[in-house]
Amino acid sequence: MAKPAKTFRPKARVPKGLRDVAAPQVRAEAEMLAKIRAVYESYGFDPLETSAFEYADALGKFLPDEDRPNEGVFSFQDDDEQWLSLRYDLTAPLARFVAENYDGLPKPFRRYQSGPVWRNEKPGPGRFRQFTQFDADIVGAPVIAADAEMCMMGADVLEALGIPRGDYRIRVNNRKVLDGLLETIGISADAEDRTHMTVLRSIDKFDKLGRRGVELLLGDGRKDESGDFTKGAGLKAEQISVVLDYVESGLALADADRAAVLDGWRKVVGTSAIGIEGIDELAEMDALFSAAGYGTDRIEFNSWIVRGLGYYTGPVFEAELLMEAKDEKGNAVRFGSVGSGGRYDGLIERFKGIKVPATGFSVGVSRLQAALALLPGANDDKQSDVVVVLALDAANMAGYQAMTRELRAGGMRAEIYLGGSGMKAQMKYADRRGAPVAVIEGEDERAAGQVTLKDLILGTEVSREITDNAEWRESQAAQITVPRADMVEAVKVILARHGLLKTDGLHRS
RNA sequence: GCAGCCAUAGCUCAGCUGGUUAGAGCGCUAGAUUGUGGAUCUAGAGGUCCCCUGUUCGAACCAGGGUGGCUGUACCA
């Protein structure tokens, strides 16, 4: 007895950490990108697009002791066995591009670029394996004014996106200051050194874990809420107290006075040459910020900003949102950093063997968008502006198409109902679709040379007062009948009443 | 990666110590309504109870393994 062969049905599902993005969010992101681009353009940056994947060695993510790329990046082998990796940021590809085209580029070279990047990590709320970044970088700029400009531009970007001053902060530190700190407590300046890395990571967590948590991480280690244990840096008590002194010195002054913060740091790392160099750089940035009128309500110096350990060599900065928000369940949400950057003088050296100084700023578009969506009022339903022309008579499709064409020529978005159902379903479709207007031309209207226009927005309002069905139907809520020739103008009047009539070439949203 | 919790209809969930045809609300489809989205009423569709193996006369429920999700933590260029 042969069993009927089972048809294989794949499970329809989006891969973990990836997502489908619906219309409102696609539009919101496009709008956000346009605003960021305008700021970058105004600072003189030019666009550049590089490919989505690169040779893995060019991205610099090969595991040192194995012949395959780092697990954090998505990689595959080409037909010639060479490893390719999806880009995990836009900076590494820029370094490759500059190295490859070095002689033909103006130096300094300013470029901006946006696009998706991919990281093979555990996804979390607001954290995906594909997300969008929008970077601006200056390559071949050794002067500290370049870093200062990046910070100020970061502030300008956030304000251009409508985030009020005071609701965000650009937080700035300098890797040289951190190196100086480690030097003063006798820890190797080598960024590859285990203790060096552990200490910096601990400092980075001050914001999250507080003084006590950082103290534990610097010492023996810390147990988290689930009972899992994180091994610490194993510092001695005196060393820990120096680090905590540094982190906390000037913390109270962080948003009051940048110079005072630097004074505090100078006391802790004043014996280290590299530390002093870092502080002097920050002092120069402070002077530039102040001269340009960027106070601590926009840019502050902050001791726990560390950034990744990979390639930063000088000033580092993060853009953080300070306002409170609640998620769907009413829990307070911390946004974290929505942008970051810093100086990376060694990245291009990997390719060219010569030092090419560079600094840049990167907006985390996906996370910023997720954050803004949680703000009150962000998810108010936006009224659609698509006019739906009902197709009541299959034999008259050409006539409905003509109506639709006229509406489009009149500057409106319009579509014909192209499903197979009757009038009731068509009205329901228009409602679902969020259409403001339904255009109805049945046999009666056509015979009379008329069309019926139904104002669906007004109809919804009217329906709130009507509980009786007969009344609702007889009232023919909010509809008018006009001569066919006047259709376009009449639809415009209804759209204008609801503020949906386009006045320029841009799509309103 | 490590640790904890969780997995039943499209969604949110109920399902007593293992016992026949697994339920609710919302949503969806249709009818009441001859040409009208809302409201109301009625009817209908929709489930490999995450997967595999085991225990048992019998498993949505118990055990082991797997997969997926959430939370914390680590990593984060």
Side-chain angles (χ1 to χ4, degrees), chain A residues 6 9 11-17 59-61 69-73 85 87-95 117-125 127 129 131 133 197-198 201-202 204-205 208-209 213 217 221-232 306-312 328-329 331 336-337 340-342 344 347 360 362 364 388 390 392-393 417 421-445 452-479:
Chain A
K6 267 208 173 154
R9 296 201 188 282
K11 191 165 185 186
R13 50 175 190 163
V14 70
K16 104 179 145 177
L59 291 181
K61 280 292 155 185
N70 187 301
E71 289 174 12
V73 304
S85 296
R87 63 186 181 203
Y88 54 84
D89 71 6
L90 298 173
T91 310
L94 170 67
V117 301
W118 295 267
R119 294 184 189 179
N120 191 4
E121 303 173 325
K122 182 185 135 181
R127 252 183 101 137
R129 291 154 95 202
F131 55 96
Q133 293 193 328
M197 292 199 290
T198 310
R201 282 173 192 148
S202 307
D204 189 40
K205 290 180 176 52
K208 207 170 176 184
L209 303 180
L217 282 175
R222 175 180 176 272
K223 201 173 263 188
D224 72 33
E225 289 163 36
S226 68
D228 193 32
F229 184 74
T230 308
K231 198 171 173 324
V306 175
R307 296 267 71 227
L309 305 173
Y311 51 60
Y312 292 112
E328 315 81 50
K329 291 169 190 161
N331 303 318
S337 116
S340 64
Y344 50 98
L347 246 202
S362 173
V388 172
L390 267 47
L392 297 179
D393 179 359
Y417 173 83
S421 303
M423 179 163 189
K424 189 176 173 114
Q426 298 197 25
M427 285 303 300
K428 211 164 181 169
Y429 169 79
D431 184 48
R432 269 283 186 80
R433 189 81 176 70
V437 178
V439 177
I440 304 165
E441 189 208 54
E443 278 176 45
D444 299 349
E445 285 92 348
T452 294
L453 305 179
K454 183 145 189 155
D455 182 337
L456 295 172
I457 297 172
L458 189 58
T460 302
E461 286 165 24
V462 169
S463 80
R464 272 197 276 274
E465 328 254 303
I466 298 176
T467 49
D468 177 66
N469 179 257
E471 188 189 347
W472 159 244
R473 291 170 70 100
E474 273 166 32
S475 76
Q476 299 217 312
Q479 63 186 50

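Letters A, B, ... mirror the listed sequences (proteins, then strands); counts begin at 1.
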Beyond-backbone contact of Arg87(A) with Trp118(A), side-chain heavy atoms, under 4.5 angstrom:
yes
Using purine N1 to pyrimidine N3 plus N6-O4 or O6-N4 for Watson-Crick, or N1-O2 and O6-N3 for G-U wobble, each under 3.5 Å, what pairs with [N]?
{"N": "A22(B)", "result": "none"}
{"N": "G35(B)", "result": "none"}
{"N": "A59(B)", "result": "none"}

Name the nucleic acid region contacted by Thr230(A), choosing base, sugar-phosphate or nothing; use a 4.0 angstrom heavy-atom cut-off, strictly under.
sugar-phosphate
Is it the case that [N] (base atoms only) and [X] (side chain only) share a donor and an acceptor within less than 3.5 Å, ignoring hydrogens and angles?
{"X": "Thr452(A)", "N": "G35(B)", "value": "no"}
{"X": "Gln479(A)", "N": "G37(B)", "value": "no"}
{"X": "Lys205(A)", "N": "U73(B)", "value": "no"}
{"X": "Arg464(A)", "N": "A39(B)", "value": "no"}

From U73(B), A77(B), C76(B), nucleotide with atom closest to Arg307(A) side chain
A77(B)
Choosing from A77(B), U73(B), G37(B), which nucleotide comes nearest the side chain of Leu209(A)?
U73(B)
Here's a test of your reading of the structure: between Asp468(A) and Glu443(A), which maps to the more 5' nucleotide of RNA chain B?
Glu443(A)
Specify the residue among Asp204(A) and Thr460(A) whose closest nucleotide of RNA chain B lies further upstream toward the 5′ end.
Thr460(A)
Rounding to an integer number of Å, can you tell me how far Lys122(A) NZ sits from G4(B) C1'?
11 Å
Are A77(B) and Tyr88(A) stacked, with the base six-membered ring and the side-chain ring centres under 5.5 Å apart and planes under 30°?
yes
Should Trp472(A) be listed as having a side-chain N or O under 4.0 Å from OP1 or OP2 of U40(B)?
no
Do you see a donor-acceptor pair shorter than 3.5 Å between the side chains of Glu445(A) and Thr452(A)?
yes
Given side-chain contact (heavy atoms from CB on, under 4.5 Å), test Leu456(A) with Asp431(A) step by step and report yes or no.
CA-CA 7 Å; Leu456(A) 295 172; Asp431(A) 184 48; 5.6 Å; no
Could you list the protein-to-nucleotides 26-32 of chain B atom pairs, N/O on both sides, closer than 3.5 Å?
unit_1, atom_1, unit_2, atom_2, d
C28(B), OP1, Arg432(A), NH2, 2.6

